[in-house]
Undergrad: 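One structure coming up, written as structure tokens, with questions to follow.
Residue numbers begin at 1 in each chain, while the letters A, B, ... track the order of the sequences. A quick note: this is a predicted structure, and the numbers were derived from the prediction, not measured.
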Amino acid sequence: MTPNNGEDFAAVEQKWRRRWEERGDDATPASPRRKSYCLEMFAYPSGDIHMGHFRNYSVGDVVARLRRMQGYDVLHPFGWDAFGLPAEEAAIKRGIHPRDWTLRNIEVSRETMKTCSLSYDWDREVVTCRPDYYRWNQWLFLLLHRRGLAYRKVALVNWCPGCKTVLANEQAEGGVCWKCDAAVLKRELEQWFLRITAYADRLLKGLDLLPDWPEDVKAMQRNWIGRSEGATVTFRNERIPHAFEVFTTRPDTLCGVTFLAIAPEHPWARLLVAGTDREAAVEEYIGTALRRSEIERTSTVREKDGVDTGRTAVHPITGERIPIWVADYVLGSYGTGIVMGVPAHDERDFAFARRYGLPARVVIRAEGWTALPRGEDLAEAWTGPGVMVNSGIFDGNTDEEGRLKVPTWLRNKGLGGPTVTWRLRDWLVSRQRYWGTPIPMIHCTECGVVEVPEADLPVLLPEGVVNWLPKGRSPLEDVPEFVRVACPRCGRDARRDADTMDTFIDSSWYHLRYADPRNAEAIFDPERVREWLPVDLYIGGREHATGHLLYFRFLTMVLQDEGLLDFAEPATRLFNHGYVLDAAGKKMSKSLGNLVEPKEMLERYGVDASRVAMCFFAPSGDPIVWKEEGVRGALRFLRRAMDLVRARAAEVRAVAPGTPVPAGGADARVREGRRLCHEALANMSRCVESDLAFNTVVSDLMKALNELESVEAPALAADAGRAAFADALRVFVAVLSPMAPHAGEEMHEVLGGEGSVFRGPWPDVDPAALAVDEVEYAVQVSGKVRGRFPAPASAGEAEVVALARALPAVAPHLEGRQVVKVVFVPKRLVNLVVR
RNA sequence: GCGAGAGUGGCGGAAUGGCAUACGCGGCGGACUUAGGAUCCGCCGGGGCGACCCGUGUGGGUUCGAAUCCCACCUCUCGCACCA
């Protein structure tokens with residue numbers, strides 16, 4: 001079947017694609033005066049692009065093209081996030097080098113994207129697996145190292161047994177590997193970390209300066225950063241040389257503490273019991289607890305367990321001795337790794353205490369309690385507000401007052417004090433994988449960890465025969481010519497760091513590189529970046545809310561501190577496009593194997609119809625279910641539009657562009673058609689600034705087309721009618737063009753337009769065109785619609801109400817009743833309230 | 001469990017205090033045709049012969065008037081989930 005018999009859209013598309021390319025229409029202007037940086041998240045090249053990409057890029061391209069028409073100098077680049085695990089997996093499965101697999105996928109995807117005429121300046125393309133890109137990853141790493149933001153530490157880290165590599169916290173959400181869904185284990189390894197926690201406060205506060213970021217993304221980031229205010233409280237234990245500190249957000253309940261709980265991975269857990277009769281039991285418990293996977297460990301349904309150390313610590317206020325337990329509901333990586341157990345006022349502590357028969361002590365009296373319950377009588381913890389009791393000198397304070405007064409008191413006594421704790425952890429960036437950026441560090445037995453001198457960058461990833469099968473340590477360790485190196489400091493034999501970087505490094509600064517992508521001397525020229533950045537609109541999926549977008553902001557801030565940027569936030573506006581779901585309502589994804597390839601659709605219906613269909617399905621931010629029928633409708637619409645343009649070309653060409661449209665004289669249908677075109681125009685201009693709901697614009701254009709098609713030839717005979725019609729059709733073409741660029745450009749040419757439609761000018765909405773001279777009034781009697789009638793738009797209240805009352809469909813409802821109130825809404829309705 | 005968002009014809013959706021279902025898909029009927037999965041025209045929320053009545057997840061409220069605002073509940077989607 002060839003659905004597009006009639007207009008040959010394939011030929012039109014080819015014609016314009018070729019012409020734009022020859023003329024270099026998508027090139028970025030050299031010195032922007034009024035800049036607009038429109039950026040879509042770059043792609044990981046795995047095979048061809050899929051529908052989700054197609055949607056993302058279509059939305060972005062509508063904005064980019066529209067901005068050009070509006071006279072902006074536009075930067076609209078694209079690139080490839082080309083390092084990563086799937087390349088290795090494919091390589092292992094098919095015996096192809098990850099590089100070849102990646103580069104071939106890029107070729108295929110880029111070809112498809114070029115077919116779509118996405119108006120990227122391909123001369124600025126970046127490919128992260130090329131040395132000319134990743135050498136700047138290494139440069140950045142050295143910068144971070146110099147600023148004390150990159151460091152090594154031995155830590156319990158997320159280890160994915162499937163991918164055989166460590167993962168960042170953001171890649172192991174919920175204890176599940178983001179790539180293979182395997183249950184993540186904890187392993188103690190020495191790894192490279194980036195000190196993103198040093199920026200926690202700025203990352204949090206910066207969100208308030210981003211009014212054009214979606215609220216849900218900001219909420220997710222706030223939650224992820226997880227600032228919490230509370231206090232550290234020092235207990236005392238003779239065996240521990242340091243302060244035995246806990247962190248709590250409820251210092252007001254301090255006197256309700258009946259036990260302390262320490263995380264099993266905490267080094268002091270073992271120290272406490274060493275040499276005692278509890279040692280064996282505690283050791284056994286710690287072993288069991290640490291073997292549990294993260295999901296199991298943090299499952300809220302599992303009953304909490306733990307073991308008594310037999311040791312106690314001294315309460316800072318009461319001086320009582322409080323038993324210390326080891327419990328795996330306490331996380332070693334949050335706060336101090338030790339918590340105070342207040343069963344009466346914390347659900348988790350309550351559950352734990354009940355299980356092990358630990359007492360509860362009520363120290364907050366809820367409003368409405370007639371008697372103070374005894375701890376053992378509580379059915380559940382009281383976590384609500386109340387007044388402090390059983391708390392000595394603090395009795396009588398509200399919980400809120402206590403939260404302030406107790407920490408202050410502690411600070412004055414040297415027993416702790418007010419503290420802020422963050423949920424955010426440092427960013428683990430080393431990976432034991434082959435296909436990534438080598439970390440530019442050298443390990444020397446004499447000098448320790450030494451930086452690779454900047455002049456020696458890039459440290460090239462060996463691309464010869466490498467056994468890249470994951471084996472739990474970096475494959476590069478087994479490449480002697482890579483690993484063996486002279487220490488840059490002392491010249492002795494030393495070893496290169498064999499780990500590679502997390503690919504989220506690559507995507508944290510690519511937005512800056514686009515401003516100066518071929519710079520061989522520096523990561524970028526700050527002057528070029530000043531011209532284009534920050535990004536004016538960043539479009540991508542919601543899945544990057546806490547991973548990429550946090551790193552992206554973090555590195556931008558670091559570079560600002562380095563003096564290379566004069567702004568802190570990389571993108572002033574963020575837009576999340578909706579996912580493309582399959583017929584079953586599942587998100588299309590490679591792993592589910594339910595991808596519908598755009599290629600077939602593009603060949604069948606053409607690029608323009610496919611783009612219009614994407615715009616028309618739903619607002620750009622909403623998920624859509626993929627339905628082929630919608631594309632057929634879009635094609636029908638384009639075909640009718642093109643037919644109309646060709647049929648009326650002569651009449652329209654007779655009117656020079658910019659000819660003023662006389663106030664009256666045109667036929668009603670022409671005027672209505674023109675009105676609808678200007679409505680579409682106004683709507684499009686509004687949409688691009690707000691919700692990108694292009695579905696309403698397409699619908700406006702369809703209405704306009706329906707009207708314009710009904711215009712008869714005689715209506716175009718007179719100058720006034722012809723001028724109005726020509727203006728209408730030209731506005732129609734302008735509004736359509738960003739969505740259907742080839743058809744739009746063709747129409748523009750057919751109608752005698754000069755140059756490219758994408759050079760503008762973007763037409764102005766003519767207020768006179770929006771005006772209507774006759775409106776239909778609805779007449780309600782006590783809120784129920786009883787009739788309608790047409791009236792001149794200029795008609796006054798008295799006249800309209802009189803007409804309304806006299807209406808045959810209305811009069812009977814007024815019979816024998818008294819109109820007690822008349823509501824008049826100009827140009828809309830009359831409501832006669834009767835009694 | 002907590003947080004955010006959403007519930008409108010057979011379907012995607014429009015309308016954010018003023019005529020609910022625009023626009024499109026799909027379906028039905030017709031025209032043209034050797035043919036139609038092309039194109040064009042007409043019809044399509046439910047009930048009723050009808051005047052009319054009912055109808056935007058459910059129940060209440062505010063209002064002359066509510067899909068839209070408020071309260072409670074139900075359902076779905078997304079995010080977070082022992083963070084002390």
Undergrad: With the side chain of A:Ser699 defined as its heavy atoms from C-beta on, choose the nearest nucleotide among B:C23, B:C25, B:C64.
TA: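 Nearest to the side chain of A:Ser699 among the choices is B:C23.
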Undergrad: So that I can tick it off, tell me whether A:Glu707 and A:Lys703 are bridged by a salt bridge, with the cut-off set at under 4.0 angstrom between side-chain N and carboxylate O.
TA: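 No, this pair does not count.
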Undergrad: If you only use heavy atoms from C-beta on, which nucleotide in B:G12, B:C64, B:A84 is closest to the side chain of A:Val330?
TA: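 Out of B:G12, B:C64, B:A84, the nucleotide with an atom closest to A:Val330's side chain is B:A84.
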Undergrad: Do A:Lys627 side-chain and B:C25 base share a donor-acceptor contact under 3.5 Å?
TA: no
Undergrad: Taking 4.0 angstrom as the limit, do A:Glu776 and A:Arg828 come out as a salt bridge?
TA: no
Undergrad: With nearest nucleotides of RNA chain B determined for A:Val833 and A:Ser333 from heavy-atom distances, which residue corresponds to the more 5′ nucleotide?
TA: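 Taking each residue's closest nucleotide, the earlier one in sequence belongs to A:Val833.
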Undergrad: Give one of base, sugar-phosphate or nothing for A:Glu776, where a contact means two heavy atoms less than 4.0 Å apart.
TA: base
Undergrad: Side chain of A:Lys821 only, please: which of B:C53, B:C64, B:C82 is the nearest?
TA: B:C64
Undergrad: Does A:Arg639 pair with A:Asp643 as a salt bridge, N-O distance under 4.0 Å?
TA: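 So A:Arg639 does not pair with A:Asp643 through a salt bridge.
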Undergrad: For B:A14, which nucleotide is its Watson-Crick or G-U wobble mate, given both distances must be under 3.5 Å?
TA: none
Undergrad: Using purine N1 to pyrimidine N3 plus N6-O4 or O6-N4 for Watson-Crick, or N1-O2 and O6-N3 for G-U wobble, both under 3.5 Å, which nucleotide pairs with B:A6?
TA: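 Partner of B:A6: B:U75.
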Undergrad: Using the side-chain heavy atoms of A:Glu629, tell me which of these nucleotides is nearest: B:C52, B:A81, B:G26.
TA: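 Among the listed nucleotides, the one closest to the side chain of A:Glu629 is B:G26.
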Undergrad: Please determine, for B:C69, whether a Watson-Crick or G-U wobble partner exists with both distances under 3.5 Å, and give it or none.
TA: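 For B:C69, the partner nucleotide comes out as B:G61, under the 3.5 Å rule.
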Undergrad: Salt-bridge test for A:Asp208 and A:Lys218: reply yes if a basic N is under 4.0 Å from a carboxylate O, no otherwise.
TA: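 No salt bridge links A:Asp208 with A:Lys218.
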Undergrad: When you get a sec, tell me which of B:C64, B:A14, B:G18 is the closest nucleotide to the side chain of A:Thr696?
TA: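 When the side chain of A:Thr696 is considered, B:A14 is the closest of B:C64, B:A14, B:G18.
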Undergrad: For A:Arg786 and for A:Arg640, find the nucleotide of RNA chain B with the closest heavy atom, then tell me which residue's nucleotide is more 5'.
TA: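 Closest to the 5' end, via its nearest nucleotide, is A:Arg640.
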Undergrad: Under 3.5 Å for both donor-acceptor distances, Watson-Crick or wobble: does B:G50 have a partner, and if so which one?
TA: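 Across any shown strand, B:G50 pairs with none.
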Undergrad: Does B:G29 pair with anything, Watson-Crick or G-U wobble, both distances under 3.5 Å, and if so, with which nucleotide?
TA: B:C41
Undergrad: Closest to the A:Asp346 side chain: B:G18, B:A84, B:C25?
TA: B:A84
Undergrad: Select base, sugar-phosphate, or nothing to describe what A:Asn831 touches, counting heavy atoms under 4.0 Å on all strands.
TA: base
Undergrad: What does A:Phe617 touch in the nucleic acid at a heavy-atom separation under 4.0 angstrom: a base, only the sugar-phosphate, or nothing?
TA: sugar-phosphate
